[in-house]
*Asks:* 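Below is one structure. I have some questions about it.
Chain letters run A, B, ... following the sequence lines, proteins first and then strands; every chain starts at 1. For clarity, every value in this text was computed on a predicted model and none was experimentally measured.
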Amino acid sequence: MMKLNINDTDYQVDAEPDTPLLWVIRDNVGLTGTKYGCGIAQCGACTLHLDGKPIRSCTFPVSAAEGKKITTIEGLAKNGSFHPVQQAWQEIDVPQCGYCQSGQIMAAVALLEAKPNPSDADINSAMSNLCRCGSYLRIKQAIKSAANNGGQS
Amino acid sequence: MTTKHSTSRRQFLKGSSASLTLAFVLPLNPRLAQAKSLKRPATLNAFLTLENNGKITYYNPFVEMGQGTYTSLPMLIAEEMDADIKDFSIEQAPVGKDYNYMYGRGLRFTGGSSSVRTSYDIMRQAGAATRSMLLEAASKILKVSVTELSTEPGVVVHKKTGKRIAYGKLAHHAAKLTPPNNPKLKDPANFRYIGKPVKRTDTRVKTNGTAEFGIDIKVPGMLYATVKKSPVFGTGVESFDAKAVLDMAGVVAVERVPQGVAVVADSFWHAKKALDQLPITFEEPKSSPISSKQLAQDMRARLDEAGINAEDKGDIKQAFKTSTNQLEAIYEVPFLAHNTMEPMNCTAHVTDTKCELWAPNQGVDRFAETAAKITGIPLEKIIIHTPYLGGGFGRRGIPDYAEQALILSKRLGKPVKLIWTREEDTQQDFYRPMTLIKHRAAINKSAKVTAWHSTCAGEGPGGRFFGVKPDQVDNSVVEGATKQPYAIANKRVDYIWHQHPIPIGYWRSVGHSYNGFVTESFIDEMAHAVGTDPVAFRRELLAEAPRFLNLLNRVTEMADYKADVIRDADAPYAFGFAIHESFGSIVAQVAKVSIANNQPKVHKVWCAVDCGTMVNPDTIEAQMQSGISTGLSQALVEELTIDGGKAVEANFHDYPILRPHMMPEVEVSIIESGAKIGGIGEPGTPPIAGAVANAVFKLTGTRVRRLPMKHYKLELAAS
């Protein structure tokens, strides 16, 4: 058994140490907002935060997440208020099918934490999550909008 | 999105070939008609229930896979009903004849860019009829004539006395009334919603992790499964050694499925881990396994055959005979994978008497029939829940993954959630077909193009799924090559049916996905052959096609289109143009392109779309961006190769799709020509590859005849 801290809550999980964190969160803990897209860290749909830094959880062993602070998409909103990035996403209707969006948002939040006023180059560099629906333009727009509105929570 | 009731709402949709009239019949279910509890939703028609508190539930015949049906369709109802769209909750409509109204052929599927354009009239009528019933109910309660009543969103108002009754309070009264046969529709000049940008109804849940996709479904007591089908198409599993993995953590069973084997466990990861370890012997192929390289050669070799005629205007033979010059080009496009971001999955719960399915799908009837066939449970007892789809693009109309889940659940007597790995998804797809296309043009001594002959060799999903006779044209192959708008006197399109064992299916824009690229590239080839700028060339040939001409003028103006390469910039760039009609709409695009690292760099795309009538301009903009990203992805990088009879590529590292930094800026302009409403989901895709290729030619002198363009080492030509 191991203890995981997810969105400020402690969970006891029974999983082999090399189980990808993604699947522990989805199947053991039952938080399905973080998605499976490829399993080889190519697409970013599984992006969540470990001690505030974005990681691709599909290739991250759960044992390495013990003792760390895990934040998933479900934990972004605080006190019933959406994170500024989520608000920016909602303002311009970024999602289409929506499947990649949890990962996109988590990556964007991490970018804005590190760079509150990212340039186009910064955004291109940090945002490599795949989207099959082509929401890339609105993602960029929303990141800039969130930055302009003080995009950190 | 769950269809909680398979009801006996009796709503008849009388279809005639010319128009659809709507006749509403009182719900015959006495429990609904005489609802004792006012808390139960009142059924107003096949599409709407209304609760006492004003909540409206819209039963959507179409799925939500990003293209916005969960917003565009309720907009139509809310408009005519005079309701607030914020009061709408959207659910999937159950299986039922009331929802099979597409094209007057009893169809219901989400695809072919059809959802909004086949529903435009019906949903407006449903909304108007509902408003009429609410007014009538209010008139009875207030004991005044209906003519004294009006509505504001969600409320019936009696101006004379200032009395107001919220729709919710009228729900059960209205449900008892007979809906009018031909309700009066609003004057478009008074639209609140239609034609205006309306926010998506599903954005909130798609930004907070609560939107439920098929892969997220939780059913009490469910097991997890993952599957491997035999990689060589057409072969199956000879044997496997279940004992080797049955003792692994969490493993419950190892089971055969058609042509494959599945591991069932207490979690996806346990199932996958065991499947990766499972020794499997696949059958040897009966015939020599094919490669896409060989297939392309075989198709190319047949392009001079006469084939089956799809279109014949004028006298092609004579035109070529008397021509001064001829132009010929052969184009090649590869197989393409769908690679929806959410891999194939399905959850099934089969018992002796019940079958419940949670299946992302693009055609609920087909999935219900599959379930009935496999389980033996009568169709009326099959319950299908359709969640949000993490992308469809044509892949999820095929119930192969549902079949597997049903078989497993039936055999194990437990609910089973089947999830495909990305590798399985890439390698067991129903691909956009590889196709070889030859174009020929005849040019007379006045440098006028007098004839255009195209031949498409391949196989299409239409023929594959619905059968095609040896002398029959498969429209899914030649669509986009036929019905060209250009005024070229002699025109012929032929089809060569070349069979092969590779699974094929419907991929966003189908035959238009390559014919858009090919025809628009070849028109440019014609233009250059006669020494005219391609836009000017088209302007002349589209003189009698006003919708096309308007779009051409609009988009070239937007882009400030220049015929020549602009060399005084950091990197020389050029504009490429393309225009294509598909699924009832016409889209014109101009791409601004430069060359970087021997590849096209697309800076910006201007896009003008004439969809006749628009519902949600915000959706249209998003779908144009989306269509362009799909089209550009296939133009630049996508390719599914076959070798040894199986798919070579497996995941995003070797089957790349468009990455964020490759997405150009997109500017969209919508023209409402007043023509019949056209589709929006696919029409943005066909023109972009041609627009980019046409710019590339100007910059490099290289004519792209094969996609993806990553095969070319492009060099800027000296001026």
Side-chain angles (χ1 to χ4, degrees), chain A residues 15-16 18-20 22-24 26-28 30-40 42-43 45 72-77 82-83 85-87 89-105 123-125 127-140, chain B residues 64-68 199-200 202-213 215-216 218 224 249 266-269 272-273 338-343 388-393 419 421-423 618 622-623 625-630 632-633 651-653 657-666:
Chain A
E16 289 82 30
D18 63 347
T19 310
L22 170 69
W23 293 109
V24 174
R26 286 184 59 83
D27 290 349
N28 298 61
L31 291 167
T32 55
T34 310
K35 304 300 187 199
Y36 167 70
C38 69
I40 59 171
Q42 280 284 309
C43 78
T72 68
I73 184 74
E74 290 93 340
L76 261 199
F82 285 113
H83 188 285
V85 168
Q86 287 171 308
Q87 287 177 44
W89 246 244
Q90 288 159 10
E91 237 340 279
I92 61 168
D93 274 355
V94 175
Q96 293 190 24
C97 88
Y99 191 75
C100 75
Q101 297 295 321
S102 297
Q104 302 279 5
I105 289 169
I123 296 174
N124 277 344
S125 183
M127 295 298 294
S128 60
N129 291 38
L130 296 178
C131 171
R132 199 47 162 146
C133 297
S135 66
Y136 295 140
L137 292 175
R138 291 195 182 184
I139 288 171
K140 211 174 198 169
Chain B
E64 175 58 71
M65 49 192 191
Q67 85 290 40
K199 294 291 225 34
R200 293 182 70 112
D202 55 357
T203 295
R204 194 186 162 94
V205 297
K206 287 177 176 177
T207 54
N208 68 5
T210 64
E212 197 171 57
F213 297 86
I215 202 173
D216 302 325
K218 293 185 188 92
Y224 297 75
D266 63 354
S267 73
F268 171 77
W269 186 250
K272 180 193 186 299
K273 219 172 164 189
H338 291 82
N339 270 328
T340 56
M341 280 317 296
E342 179 197 13
Y388 287 117
L389 270 61
F393 306 116
I419 302 172
T421 60
R422 172 60 58 192
E423 288 78 10
D618 199 66
Q623 289 313 295
Q625 293 177 356
S626 184
I628 285 166
S629 88
T630 298
L632 197 55
S633 189
N651 205 315
F652 292 117
H653 65 292
I657 65 172
L658 198 78
R659 290 200 166 266
H661 69 275
M662 297 159 72
M663 185 73 193
E665 270 183 69
V666 173

*Asks:* Using a strict 4.0 Å threshold on nitrogen-to-oxygen distance, state whether A:Arg138 and B:Asp618 make a salt bridge.
*Replies:* yes
*Asks:* Please state whether the side chain, the backbone, both or neither of A:Asn129 comes within less than 4.5 Å of a heavy atom of chain B.
*Replies:* backbone
*Asks:* Quick one: what part of B:Val666 sits under 4.5 Å from any heavy atom of chain A, side chain, backbone, both or neither?
*Replies:* both
*Asks:* Could I get the full list of ring pair (Phe, Tyr, Trp, His ring centres under 6.0 Å) partners for B:Phe393, not counting sequence neighbours?
*Replies:* none
*Asks:* Hey, are B:Glu212 and B:Lys218 close enough for a salt bridge, meaning a charged N less than 4.0 Å from a carboxylate O?
*Replies:* no
*Asks:* Contact between B:Asn339 and B:Phe652 at the side-chain level, heavy atoms closer than 4.5 Å - yes or no?
*Replies:* yes
*Asks:* Identify which of A:Gly33, A:Gly98, A:Ala77, A:Ser135 forms the greatest number of heavy-atom pairs closer than 4.5 Å to chain B.
*Replies:* A:Gly98
*Asks:* Find out whether B:Lys206 and A:Gln90 are in side-chain contact, i.e. whether some heavy atom of one side chain is under 4.5 Å from a heavy atom of the other.
*Replies:* no
*Asks:* So which of A:Ile92, A:Thr72, A:Asn124, A:Ile40 has the largest heavy-atom pair count under 4.5 angstrom toward chain B?
*Replies:* A:Ile40
*Asks:* Heavy-atom pairs under 4.5 Å with chain B - which of A:Ser102, A:Ala15, A:Cys133, A:Gly134 has more of them than the others?
*Replies:* A:Cys133
*Asks:* Below 4.5 Å from any heavy atom of chain A, which atoms of B:Thr630 appear? Answer side chain, backbone, both or neither.
*Replies:* side chain
*Asks:* So what's closer than 4.5 Å to chain A heavy atoms on B:Ser633: side chain, backbone, both or neither?
*Replies:* side chain
*Asks:* Any non-hydrogen side-chain atom of B:Arg422 less than 4.5 Å from a side-chain atom of A:Tyr36?
*Replies:* yes
*Asks:* Would you say that A:Lys35 contacts B:Glu342 through its side chain, given a criterion of any heavy-atom pair below 4.5 Å between the two side chains?
*Replies:* no
*Asks:* Let me know if B:Lys272 has heavy atoms under 4.5 Å from chain A in its side chain, its backbone, both or neither.
*Replies:* neither
*Asks:* Counting heavy-atom pairs under 4.5 Å with chain A, which one of B:Glu665, B:Glu423, B:Gln625 comes out on top?
*Replies:* B:Gln625
*Asks:* Of the backbone (N, CA, C, O) and the side chain (C-beta and beyond), which part of B:Ser629 lies under 4.5 Å from a heavy atom of chain A, both, or neither?
*Replies:* side chain
*Asks:* With respect to chain A, which residue among B:Ala622, B:Pro664, B:Gly391, B:Gly627 yields the maximal number of heavy-atom pairs within a distance under 4.5 Å?
*Replies:* B:Ala622
*Asks:* Answer with side chain, backbone, both or neither: which region of B:Lys199 has an atom nearer than 4.5 Å to a non-hydrogen atom of chain A?
*Replies:* both
*Asks:* Output the option from B:Arg659, B:Met663, B:Gln623, B:His661 having the highest count of non-hydrogen pairs under 4.5 Å with chain A.
*Replies:* B:Arg659
*Asks:* Is there a side-chain contact between A:Tyr99 and B:Pro343, using heavy atoms and a 4.5 Å cut-off?
*Replies:* yes
*Asks:* When heavy-atom pairs shorter than 4.5 Å are enumerated against chain B, which of A:Gln104, A:Lys140, A:Gln86 gives the highest number?
*Replies:* A:Gln86
*Asks:* Go through A:Gly39, A:Ser128, A:Ala45, A:Cys100 and name the one with the most non-hydrogen pairs under 4.5 angstrom from chain B.
*Replies:* A:Ser128
*Asks:* Any heavy-atom pair between the side chains of A:Tyr136 and A:Val94 that's under 4.5 Å?
*Replies:* no
*Asks:* So what's closer than 4.5 Å to chain A heavy atoms on B:Ala211: side chain, backbone, both or neither?
*Replies:* backbone
*Asks:* Using side-chain heavy atoms (C-beta onward) and a distance below 4.5 Å, is A:Ile139 in contact with A:Trp89?
*Replies:* yes
*Asks:* Under 4.5 Å from any heavy atom of chain A, what part of B:Met65 do you find: side chain, backbone, both or neither?
*Replies:* backbone
*Asks:* For the residue pair A:Arg132 and B:Leu658, establish whether any side-chain heavy-atom pair is separated by less than 4.5 Å.
*Replies:* no
*Asks:* Go through A:Ser125, A:Cys131, A:Pro20 and name the one with the most non-hydrogen pairs under 4.5 angstrom from chain B.
*Replies:* A:Pro20
*Asks:* Check the pair A:Gln96, A:Gln101 against side chain to side chain donor-acceptor pair (under 3.5 Å), reporting the backbone distance first and the verdict last.
*Replies:* CA-CA 9 Å; A:Gln96 293 190 24; A:Gln101 297 295 321; over 6 Å; no
*Asks:* Please state whether the side chain, the backbone, both or neither of B:Leu389 comes within less than 4.5 Å of a heavy atom of chain A.
*Replies:* backbone
*Asks:* Check each atom of B:Gln67 against the heavy atoms of chain A and say whether the ones under 4.5 Å are side chain, backbone, both or neither.
*Replies:* neither
